[in-house]
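Treat the numbers as computed from the prediction; the structure is a model and nothing was measured.
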Amino acid sequence: MELGLVGLGKMGGNMRERIRRAGHTVIGYDRNPDVADVHSLEELVGKLKGPRVVWVMVPAGAATQSTIDELSELLSPGDVVVDGGNSRWTDDEKHAVELGIKDIGFVDCGVSGGVWGLENGYALMYGGTEENVAKVQPIFDALKPEGDFGSVHAGKVGAGHFAKMVHNGIEYAMMQAYAEGWELLEKVDSVTDVREVFRSWQEGTVIRSWLLDLAVNALDDDEHLDKLRGFAADSGEGRWTVEAAIDNAVPLPAITASLFARFASRQDDSPQMKMIAALRNQFGGHAVESKNEN
């Protein structure tokens, strides 16, 4: 299968490589000419055979909107656009209508896997019609982890990004719990090897997880996280999850508290946020702030 891929950053570049390893043809476009296969969206579309599938992997908001606007002028009826970024689900509904006027299909896809996805595969949550999803299915199969799980047609347009949003909200709360536990262990005099306590939890306990493994990795790199400033950004999905909970009258006390803890990290040097920052860097390559930066 042929795929056009727009956006070859930390995730997009690795996704291109994984899809190619599965035997598919990927033509990639990025504003950085050093990583791009073509030099414009027009050239990308021109190199694909119809019906075309173009996967957009750029930042949510204005960048995604402008890319989809340009593609709507270049693609033909029967083609499909996939938004694999972290767009808000309400934007998906708008994009589907805009493209549908020209008989261009639209699929939204939440993608999880961060910098580890190339080797481990990406968890995929996608929304759209059966017809449009079927056109993209070989690519979903190439990107997903090995085995029977890790990929789901979550529902209609918007369902993929809504599911990914909730996934990220849960992620906020899980990371916050590990961070709070780590700070308490570091605080007391009786526990003399916090890193090895975390390591002991990796086998046989009910709280073992990939995030715990990444926490141990971070502590191996910097045992007391002394090199990090206690600051952690929020990328938007946590806020959207809390907003959706309010709109639907669903109580989310743990996720909401973890979001507010991120806000608190902007006011002082929070020990807990050192762990949150370290975990975000481990799984997603997100930037961290060192002590001497602020």
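- In this structure, the separation between CZ on F283 and CH2 on W210 is 7.5 Å, given to the nearest 0.5 Å.
- Residues passing the side-chain hydrogen bond (donor to acceptor under 3.5 Å, both in side chains) test with S258, sequence neighbours excluded: none.
- Both V242 and I170 belong to a common hydrophobic cluster when Ile, Leu, Val, Met, Phe, Trp and Tyr are linked at side-chain heavy-atom distances under 4.5 angstrom.
- Taking both residues in full, the closest heavy atoms of A142 and H24 are given as CB-CD2, 3.9 Å, listed atom of the first, atom of the second, then distance.
- Within a 6.0 Å sphere centred on NZ of K102, heavy atoms belonging to other residues, nucleotides or ligands number more than 12.
- Atom CD of residue Q202 and atom CD1 of residue I207 lie 10.5 Å apart, to the nearest 0.5 angstrom.
- Applying the side-chain hydrogen bond (donor to acceptor under 3.5 Å, both in side chains) test to E130 and every residue at least two apart in sequence or in another chain returns nothing.
- Residues that satisfy the ring-ring contact (aromatic ring centres under 6.0 Å, His included) test with W89, not counting sequence neighbours, are F162.
- Scanning all heavy atoms of the two residues, the minimum distance from H153 to G127 falls at CD2-CA, 4.3 Å.
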Does the pair E186 and L225 meet the rule for a side chain to side chain contact (heavy atoms under 4.5 Å, CB included), with working shown? CA-CA 11 Å; E186 285 276 330; L225 304 182; over 6 Å; no
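- The two residues R31 and P33 make their nearest non-hydrogen contact at O-CD, 3.1 Å.
- Hydrophobic clustering keeps F231 apart from Y178 (ILVMFWY residues linked when any side-chain heavy atoms are closer than 4.5 Å, directly or through intermediates).
- Here the side chains of I139 and V53 are not in contact, with every heavy-atom distance at 4.5 Å or above.
- There is no path of hydrophobic side-chain contacts, each under 4.5 Å, that joins F149 to V133.
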For Y172 and T241, what are the C-alpha separation, side-chain angles and deciding distance, and is it a side chain to side chain donor-acceptor pair (under 3.5 Å)? CA-CA 10 Å; Y172 272 49; T241 305; over 6 Å; no
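- Side-chain heavy-atom separations under 4.5 angstrom define the hydrophobic clusters, and the remaining members of the one that includes L48 are V6, I27, Y29, V38, L41, L44, V45, V54, V56, V58, I68, L71, L74, L75, V81, L99, I104, F106, V157.
- Side chain of W116 to backbone of Q282: a donor-acceptor contact under 3.5 angstrom is found.
- Under the salt bridge (Lys or Arg N to Asp or Glu O under 4.0 Å) criterion, E70 pairs with no residue, sequence neighbours left out.
- Checked options V107, V80, T129; the residue passing with K135 is V80 (criterion: side-chain contact (heavy atoms from CB on, under 4.5 Å)).
- For T256 (side chain) and P253 (main-chain N/O), no donor-acceptor pair under 3.5 Å exists by modelled atom type.
- Figure legend: cation-pi geometry between R18 and Y122 absent, as NZ or CZ is not positioned both under 6.0 Å from the six-membered ring centre and within 45° of its axis.
- Checked against M273 for a side-chain contact (heavy atoms from CB on, under 4.5 Å), the options M175, R262, R280 give a single hit: R262.
- Among residues at least two apart or in separate chains, salt bridge (Lys or Arg N to Asp or Glu O under 4.0 Å) pairs with a member in residues 238-248 are R88-E243, D234-R239.
- Sequence neighbours left out, the pairs with a member in residues 103-129 that pass salt bridge (Lys or Arg N to Asp or Glu O under 4.0 Å) are R21-E119.
- Going from atom NZ of K164 over to atom CE of M125 covers 6.0 Å, rounded to the nearest 0.5 Å.
- Heavy atoms only, all atoms of each residue included: S66 and A63 are closest at OG-O, 3.1 Å.
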Worked check of side chain to side chain contact (heavy atoms under 4.5 Å, CB included) between L3 and I19: CA-CA 9 Å; L3 177 75; I19 296 166; 3.7 Å; yes
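- In this structure, CD in E237 is found 12.5 Å from CD1 in I255, a value given to the nearest 0.5 Å.
- Between atom CG of residue L118 and atom CD of residue E17 there is a gap of 6.0 Å, rounded to the nearest 0.5 Å.
- In this structure, the salt bridge (Lys or Arg N to Asp or Glu O under 4.0 Å) partners of R20, at least two apart in sequence or on a different chain, are D37.
- Between the side chains of K10 and N14, no donor-acceptor pair of N or O atoms lies under 3.5 Å.
- Look at R199 and D220 and you find a salt bridge, because one of the NZ, NE, NH1 or NH2 atoms lies within 4.0 Å of a carboxylate O, short of that distance.
- Among pairs with a residue in residues 41-53, those fulfilling salt bridge (Lys or Arg N to Asp or Glu O under 4.0 Å) read R52-D79, at least two apart in sequence or across chains.
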Test side chain to side chain contact (heavy atoms under 4.5 Å, CB included) applied to H161 and W240, step by step: CA-CA 11 Å; H161 280 146; W240 299 343; over 6 Å; no
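- Judged by distance alone, the side chains of D83 and S87 do bring a donor and an acceptor atom under 3.5 Å apart.
- The closest side-chain heavy-atom distance from L214 to N217 is below 4.5 Å.
- When all heavy atoms are compared, the tightest approach of G78 to P51 is O-CB, 3.6 Å.
- Linking Ile, Leu, Val, Met, Phe, Trp and Tyr residues whenever their side-chain heavy atoms come within less than 4.5 Å leaves V82 and V152 in two separate clusters.
- Taken together through direct or relayed side-chain contacts under 4.5 Å among Ile, Leu, Val, Met, Phe, Trp and Tyr, L212 and W182 form part of one hydrophobic cluster.
- Looking only at side-chain heavy atoms (C-beta outward), K274 and D222 stay at 4.5 Å or farther from each other.
- Rounded to the nearest 0.5 angstrom, T192 OG1 and L185 CG are separated by 11.0 Å.
- Between R195 and H224 the shortest side-chain heavy-atom distance does not fall below 4.5 Å.
- Checked against salt bridge (Lys or Arg N to Asp or Glu O under 4.0 Å), K94 has the following partners two or more places apart in sequence or in another chain: E98.
- For the pair D30 (side chain) and L8 (backbone), a donor-acceptor distance under 3.5 Å is present.
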Chi angles and distances behind the side chain to side chain contact (heavy atoms under 4.5 Å, CB included) call for V136, Y126: CA-CA 10 Å; V136 192; Y126 36 91; over 6 Å; no
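- In terms of heavy-atom proximity, A277 sits nearest to A232 at N-CB, 4.3 Å.
- The salt bridge (Lys or Arg N to Asp or Glu O under 4.0 Å) pairs that include a residue from residues 165-184 number zero, where partners must be two or more places apart or lie in different chains.
- Sorted by first and then second residue, the ring-ring contact (aromatic ring centres under 6.0 Å, His included) pairs with a member in residues 38-82 read W55-F140; sequence neighbours excluded.
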